[in-house]
Amino acid sequence: MTPSPTDLPALRAALLAWFDRSGRALPWRVGPEGGRDPYRVWVSEVLLQQTQVARGRVYFERFMEAFPTVEALASAPIDAVLKAWEGCGYYARARNLHRAAGIIAQEGFPAHYAGWRALPGVGPYTAAAVASLSGGEARAVNDGNVRRVLARLGGERQPTERWVQARADELLDPARPGAWNEAVMDLGATVCTPKNPKCPECPVSASCAALASGDPAAFPAPKVRAEVREVRAVALLLGDTQAAVLERREGTLLGGLMGLPTQLLAPDELPAAALERLAARLGARVTGELGTVTHTMTHRRVTLSVYGGEGGPPRTPVAAEALSRLDHKALALWERREGSLFAERKS
DNA sequence: AATACGGGGTT
DNA sequence: AACCCAGTATT
């Protein structure tokens with residue numbers, strides 16, 4: 001049920017009062033409302049894309065330590081940026097952040113939504129967030145929290161992006177756009193949660209159509225997700241966990257990160273065949289199998305068989321490079337090889 | 001409108 | 001094992 005226009009001020013006042021009392025204290029929420037440090041806000045928003053706050057917070061602190069200013073970020077090598085991002089996923093975010101930092105270092109921070117939106121890695125959500133939180137501009141954000149909160153308030157089971165944005169635009173408090181955006185997201189994250197929402201604690205429960213329906217958690221309906229595909233590959237560990245042959249991954253999957261030389265198996269291909277191709281390409285000799293690891297990456301499940309070998313290109317220090325979790329799992333097999341197990345075996 | 005893109009938390 | 005997370009870029 002859409003609140004009538006006369007309810008709107010009351011709804012805004014109720015949520016903002018709750019926010020002023022119960023909003024989260026977060027490390028990027030520094031500076032005056034609507035006038036926050038654009039660098040911190042921008043970095044945090046990119047870091048928090050599809051990443052939970054608890055996790056993003058750890059990376060944020062690490063990132064600010066390594067790159068305290070946009071100039072520091074712009075002048076840093078991309079490898080250092082990826083290393084700071086290691087393990088956080090969606091590495092295009094780090095590559096785009098670095099590219100955008102170069103632009104900002106030249107031209108200064110964008111003054112408005114459109115300028116933010118033009119930067120690589122800044123979409124409608126991030127542009128609205130930074131423009132409102134840092135610039136005081138009246139732009140309504142639309143993220144997973146907003147989608148859920150508004151779907152429930154409006155009693156809409158299948159909210160389209162268009163519907164959500166339209167509702168968010170209507171509700172946005174033009175007097176406090178930054179605080180309003182943070183308030184809706186805080187409500188979604190702490191009260192109006194996906195499962196078991198805490199409706200008794202909700203400052204706007206009286207206006208909630210989903211609660212009135214009796215089953216608020218049923219709003220919005222779950223999104224249909226693509227199936228997880230199976231992928232098989234072989235990898236060659238030439239060296240050890242300290243120094244090994246590493247290659248830079250090209251393309252979109254883990255692009256920019258370093259990793260063990262890897263060969264995907266064609267459908268129905270035997271690992272031995274792919275391994276032979278891989279060893280031939282590197283000019284290396286396979287000495288034995290270290291084991292198999294599996295790794296799930298939302299949309300695909302990778303089964304990677306790892307082999308040890310000799311020869312091939314020069315080894316490089318592993319610790320300095322940014323590796324995916326998959327490669328860390330592969331490297332961990334080295335510690336479990338026969339000799340090591342024997343040496344560490346206790347009586 | 002779909003799909004690719006990481007990795008992990010919560011239920 | 002679902003379902004989700006302060007989304008974006010590319011089809």
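All heavy atoms count here, side chains included; hydrogens, waters and symmetry mates do not. Note on naming: letters A, B, ... go to the chains in the order of the sequence lines (proteins, then strands), and numbering restarts at 1 for each one.
Taking 4.0 Å as the cut-off between side-chain N and carboxylate O, D268(A) and R232(A) do not count as a salt-bridged pair. Between R281(A) and E247(A) there is a salt bridge, since at least one side-chain N of the basic residue sits less than 4.0 Å from a carboxylate O of the acidic one. In summary, D79(A) and R248(A) engage in a salt bridge, as defined by a charged side-chain N under 4.0 Å from a carboxylate O. With respect to R147(A) and E156(A), no salt bridge is recorded, no charged nitrogen being found less than 4.0 Å from a carboxylate O.
Along DNA chain C, the stretch of nucleotides lying under 4.0 Å from any heavy atom of chain A spans, 5' to 3', dC3(C) to dA9(C).
Under the salt bridge (charged side-chain N to carboxylate O under 4.0 Å, His left out) criterion, D173(A) pairs with no residue, sequence neighbours left out. Among residues two or more places apart in sequence or in another chain, the ring-ring contact (aromatic ring centres under 6.0 Å, His included) test is passed with W18(A) by none. F219(A) pairs by the ring-ring contact (aromatic ring centres under 6.0 Å, His included) definition with nothing, not counting sequence neighbours. With sequence neighbours left out, E33(A) forms a salt bridge (charged side-chain N to carboxylate O under 4.0 Å, His left out) with R176(A). By the side-chain contact (heavy atoms from CB on, under 4.5 Å) test, P194(A) pairs with R148(A), sequence neighbours left out.
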Give the C-alpha distance, both sets of side-chain angles, the deciding distance and a yes or no for salt bridge (Lys or Arg N to Asp or Glu O under 4.0 Å) between E230(A) and R300(A).
CA-CA 6 Å; E230(A) 298 285 343; R300(A) 67 183 75 190; over 6 Å; no
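Between the CD atom of E86(A) and the P atom of dG8(B) there is a distance of 11 Å, rounded to whole Å. In this entry the distance linking CZ of R225(A) with C1' of dC5(B) reads 14 Å, nearest Å. The CD-C1' distance, from E161(A) to dT3(B), rounds to 15 Å in whole Å. With rounding to whole Å, R249(A) atom CZ is found 13 Å from dG6(B) atom C1'. Protein atom CZ of R148(A) is 12 Å distant from nucleotide atom C1' of dT10(B), rounded to whole Å. We find that CE of M297(A) is positioned 11 Å from P of dG8(B), with the value rounded to whole Å. If you take CG of L82(A) and P of dC5(B), they are 17 Å apart, rounded to a whole angstrom.
Using a 4.0 Å heavy-atom cutoff across all strands shown, R162(A) reaches no nucleic acid atom at all. Using a 4.0 Å heavy-atom cutoff across all strands shown, W85(A) reaches no nucleic acid atom at all. Within the 4.0 angstrom heavy-atom criterion, only backbone atoms of the sugar-phosphate kind lie near T252(A); the bases stay farther away. V122(A) comes within 4.0 angstrom of sugar-phosphate atoms only, judged by non-hydrogen atoms across all strands, and of no base. Contacts of L253(A) with the nucleic acid, taken as non-hydrogen atoms under 4.0 Å apart, involve only primed sugar atoms and P, OP1 or OP2. At a threshold of 4.0 angstrom between heavy atoms, the contacts of R147(A) with the nucleic acid are absent.
Residues of residues 178-188 of chain A that place a heavy atom closer than 4.0 Å to DNA chain C, in numerical order, are M185(A), D186(A). Using a 4.0 Å cut-off on heavy atoms, the residues of residues 123-137 of chain A that approach DNA chain C are G123(A), P124(A), Y125(A), T126(A), listed by number. Only Q50(A), T51(A), Q52(A), R55(A), listed by number, bring a heavy atom of residues 43-57 of chain A to less than 4.0 angstrom from any atom of DNA chain B. The stretch residues 87-95 of chain A touches DNA chain B through G87(A), C88(A), G89(A), Y90(A), Y91(A), R93(A), each having a heavy atom under 4.0 angstrom from the strand.
Looking at which nucleotide of DNA chain B each of L254(A) and N196(A) is closest to, the 5′-most match is held by L254(A).
Atom CD of Q49(A) and atom SG of C88(A) lie 10.5 Å apart (nearest 0.5 Å). The OG1 atom of T241(A) sits 4.5 Å away from atom CD of E335(A), with the distance rounded to the nearest 0.5 Å.
Counting only residues at least two apart or on different chains, the salt bridge (Lys or Arg N to Asp or Glu O under 4.0 Å) pairs with a member in residues 86-102 of chain A are K83(A)-E86(A). Pairs passing the salt bridge (Lys or Arg N to Asp or Glu O under 4.0 Å) check and including a residue from residues 54-75 of chain A, sequence neighbours excluded, do not occur.
Considering only side-chain N and O atoms, H299(A) lies nowhere under 4.0 angstrom from the phosphate OP1 or OP2 of dA4(B). OP1 or OP2 of dG7(B) sits under 4.0 Å from a side-chain N or O of H295(A).
Residues W85(A) and Y90(A) place their aromatic rings such that the two centres sit no closer than 6.0 Å.
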